[in-house]
Enquirer: 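Encoded as structure tokens, here's the structure I'll be asking about.
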Amino acid sequence: MILKNDLLLRAARGEKTERIPVWLMRQAGRILPEYRAVRASLSGFKELVETPDRAAEVTIQPVDILGVDAAIIFSDILVVSEGMGLRYEMEEKKGPYFPQTIENPQDIERLRTGKAEDFHYTLDAIRITKKALDGRVPLIGFAGAPFTLLCYMVEGGGSKTFSKSKRLLFSDPDSAKKLLQKITDTTIAYLRGQVEAGADLIQVFDSWAGILSPQAYEEFSLPYMRQICEAIPDRPVTLFAKGAFYARKSLAALPCSVIGTDWNMPPQESRQLVGNKTLQGNLDPCILYGSEKFITEQTHAMIREFGAQKYIANLGHGVYPDTDPMKVKHFVETVQNFDIQSLEAL
Ligand code: CP3
């Protein structure tokens, strides 16, 4: 199918674009009343994830309502651990938790390596979404990075210090690597399934990367990120390691297309570190609490720093749930109306 708007894919491949593509991490769900209405018609978040036509519906909502240049499939990074035999629950307003966690090497042994079919609901949602989008914008598939998944499976939820996860890494690195490899194998099967179902670009979220030192990141995250990139040679891959400002150069050395950045990572410094790869990011989501005038100024300043090419505008993390959708729309339109010739003439 020919895409009517392929700005995201051209920017990801490093090709010239006539304007800057923009989308928001966590745009599906979280902020839209239309999303909450769909979720309220079901038993909750998990049923929505596992009901393909409704998941497709909320995937497309931000394209219709916010006018973004890409859709991201509605699912969660935690489906991978569930496919491996470790169930998660989603508690309203509190977030995810795991009734059972990984506590010892036997628990790791017991986990299965998931196959693409274990995630049939998300793969079906991708097929339905692609059909319904009818080429309007590209569809992004995604997964969590193996390290971030390990954190959830060991901690059982979020954490302030992640000491249980780090205890596993530093006291029993062999077991940690066994777990990371099992998660990686499952993630690759899942992402291959997403590509075959129609995902146009794949993003890997390493949300807890910022808790590691550069050395620990080299040992416990990068090798697995590499395997994922190598398994997807046929689609652009975006690597987003939140907080890992120190890892930009090493991530850009992997066979990926785009490096996601947060607001702690200065755009011009990122450009120097990533060579000719495309950058994505990096507005602080809290900027969207400001006035429209403030959002315009901050967005323009961000674009001037990144430059107009090899760039995908986004926030530096997922949009926060209490953000006014009209402010999000304003951010999207500010990027889309930006006259890139004014930059290129400089
Ligand atoms: O980007 C999108 O809109 C697509 C869907 C998507 C969700 N989760 C849906 C969701 C994506 C890409 C994710 C990724 C995800 N999930 C990450 C990585 C990105 C990041 O923010 O760092 C992480 C760490 C998770 C784990 C997770 N899922 C948490 C911590 C929570 C609770 C609080 C929250 O909203 O983040 C979730 C629940 C979740 N996943 C919701 C949505 C729309 C909210 C549940 C609801 O209220 O319906």
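Any value given below was found using the heavy atoms of this structure, including those in side chains, with hydrogens, waters and symmetry copies removed. The chain is numbered in sequence order, starting from 1. All ligand and atom numbering here is 1-based and tracks the order in the structure.
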Enquirer: Would you please say whether a donor-acceptor pair under 3.5 Å links the side chains of Gln100 and Asp107?
Expert: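 Side-chain D/A pair, Gln100 to Asp107: absent.
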
Enquirer: Between Phe74 and Tyr35 (judged by ring centroids, cut-off 6.0 Å), do the two rings come close enough to count as a pair?
Expert: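 Between Tyr35 and Phe74, which both carry aromatic rings, the centre distance is below 6.0 Å.
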
Enquirer: Check this for me: does any side-chain nitrogen of one of Glu18 and Arg10 sit under 4.0 Å from a carboxylate oxygen of the other?
Expert: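 Salt bridge present between Glu18 and Arg10.
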
Enquirer: Begin from the C-alpha positions of Phe142 and Phe205 and carry the test side-chain contact (heavy atoms from CB on, under 4.5 Å) through to its verdict.
Expert: CA-CA 8 Å; Phe142 73 92; Phe205 289 88; 3.7 Å; yes

Enquirer: Near Met90, which atoms of ligand 1 are under 4.0 Å from a heavy atom of that residue?
Expert: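 Reading through ligand 1 atom by atom, the close ones are 28 (N), 37 (C), 38 (C).
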
Enquirer: Would you say Pro96 and ligand 1 have an N/O pair spaced under 3.5 Å apart?
Expert: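 Such a contact does not occur with ligand 1.
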
Enquirer: Establish, from distance only, whether the side-chain atoms of Gln203 and Gln280 form a donor-acceptor pair under 3.5 Å.
Expert: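 There is such a pair between these side chains.
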
Enquirer: Is it true that Ile73 lies under 4.0 Å from ligand 1, counting heavy atoms only?
Expert: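 It does; at least one heavy atom falls under 4.0 Å.
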
Enquirer: Yes or no on side-chain contact (heavy atoms from CB on, under 4.5 Å) for Lys16 and Gln309, after CA distance, side-chain angles and deciding distance?
Expert: CA-CA 6 Å; Lys16 217 168 160 70; Gln309 300 297 336; 3.7 Å; yes

Enquirer: Could you state the interatomic distance from CZ (Phe162) to SG (Cys151), rounded to the nearest 0.5 Å?
Expert: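 Going from the CZ atom of Phe162 to the SG atom of Cys151 covers 5.5 Å.
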
Enquirer: Using heavy-atom distances, let me know which of Arg36, Lys46, Arg26, Met25 sits nearest atom 1 (O) of ligand 1.
Expert: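 Among Arg36, Lys46, Arg26, Met25, the closest heavy atom to atom 1 (O) of ligand 1 comes from Arg26.
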
Enquirer: Only heavy atoms of Gln27, strictly under 4.0 Å: list the atoms of ligand 1 that pass.
Expert: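 Per the distance check, 1 (O), 2 (C), 3 (O).
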
Enquirer: To check your reading of the model: name the closest protein heavy atom to atom 3 (O) of ligand 1, its residue, and the distance in Å.
Expert: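 Checked against all protein heavy atoms, atom 3 (O) of ligand 1 sits closest to Ala28 N, 2.7 Å.
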
Enquirer: Report the part of His317 (side chain from C-beta onward, or backbone N, CA, C, O) that has a heavy atom under 4.0 Å from ligand 1; answer both or neither where that applies.
Expert: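 Answer for His317: side chain.
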
Enquirer: Give the contacting part of Ser75 toward ligand 1: side chain, backbone, both or neither, where contact means a heavy-atom distance below 4.0 Å.
Expert: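 Backbone only.
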
Enquirer: Please identify which atoms of ligand 1 are closer than 4.0 Å to at least one heavy atom of Gly95.
Expert: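 Here the atoms of ligand 1 in question are 32 (C).
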
Enquirer: May I ask you to identify the nearest protein heavy atom to atom 11 (C) of ligand 1, giving residue, atom name and distance to one decimal place in Å?
Expert: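 Going by distance alone, atom 11 (C) of ligand 1 is nearest to Phe142 CZ, 3.5 Å.
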
Enquirer: Under 4.0 angstrom from ligand 1, any heavy atom of Gly318?
Expert: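 No.
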
Enquirer: Quick test of your reading of the structure: of Gln61, Gln203, Arg30, whose heavy atom lies closest to atom 36 (O) of ligand 1?
Expert: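 Shortest heavy-atom distance from atom 36 (O) of ligand 1: Arg30.
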
Enquirer: How far is atom 41 (C) of ligand 1 from its nearest protein heavy atom, and which residue and atom name does that atom have?
Expert: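 Looking at atom 41 (C) of ligand 1, the protein heavy atom closest to it is Phe45 CE1, 3.5 Å.
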
Enquirer: Regarding Lys242 and the six-membered ring of Trp263, is the cationic atom NZ or CZ under 6.0 Å from the ring centre and inside 45° of its axis?
Expert: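 Yes, Lys242 and Trp263 form such a contact.
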
Enquirer: Nearest non-hydrogen atom to atom 26 (C) of ligand 1 belongs to which of Asp206, Asp76, Val319, Thr148?
Expert: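 Ranked by closest heavy atom to atom 26 (C) of ligand 1, first place is Asp76.
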
Enquirer: Tell me the protein heavy atom at minimum distance from atom 18 (C) of ligand 1, and give that distance in Å.
Expert: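 Atom 18 (C) of ligand 1 sits closest to the protein heavy atom Ser207 OG, 3.1 Å.
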
Enquirer: Identify which of Glu91, Lys93, Arg39 has a heavy atom lying nearest to atom 47 (O) of ligand 1.
Expert: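 Residue with the shortest heavy-atom distance to the ligand atom: Arg39.
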
Enquirer: Could you go step by step and tell me if Glu117 and Lys115 meet the salt bridge (charged side-chain N to carboxylate O under 4.0 Å, His left out) rule?
Expert: CA-CA 5 Å; Glu117 307 86 82; Lys115 303 202 168 44; over 6 Å; no

Enquirer: Ligand 1 and Tyr152, any nitrogen or oxygen pair closer than 3.5 angstrom?
Expert: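 N/O-N/O distance under 3.5 Å: no.
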
Enquirer: Return the closest protein heavy atom for atom 23 (C) of ligand 1 as residue, atom name and distance.
Expert: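 Answer, as residue, atom name and distance: Ile77 CD1, 3.5 Å.
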
Enquirer: Taking only heavy atoms of Tyr35, which atoms of ligand 1 are found under 4.0 Å from at least one of them?
Expert: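 Every atom of ligand 1 under 4.0 Å from some heavy atom of Tyr35: 43 (C), 46 (C), 48 (O).
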
Enquirer: If you apply the rule side-chain contact (heavy atoms from CB on, under 4.5 Å), what do you find for Glu269 with Arg248, and how did you get there?
Expert: CA-CA 10 Å; Glu269 187 185 273; Arg248 282 169 290 175; 2.4 Å; yes

Enquirer: Under a plain distance cut-off of 3.5 Å, with no hydrogens placed, do His330 and Thr299 share a side-chain donor-acceptor pair?
Expert: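 Result is no, nothing qualifies.
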
Enquirer: Could you go through Val237 and Ser257, starting from their C-alpha distance and side-chain angles, then the distance that decides it, and tell me whether this counts as side-chain contact (heavy atoms from CB on, under 4.5 Å)?
Expert: CA-CA 5 Å; Val237 174; Ser257 297; 5.7 Å; no

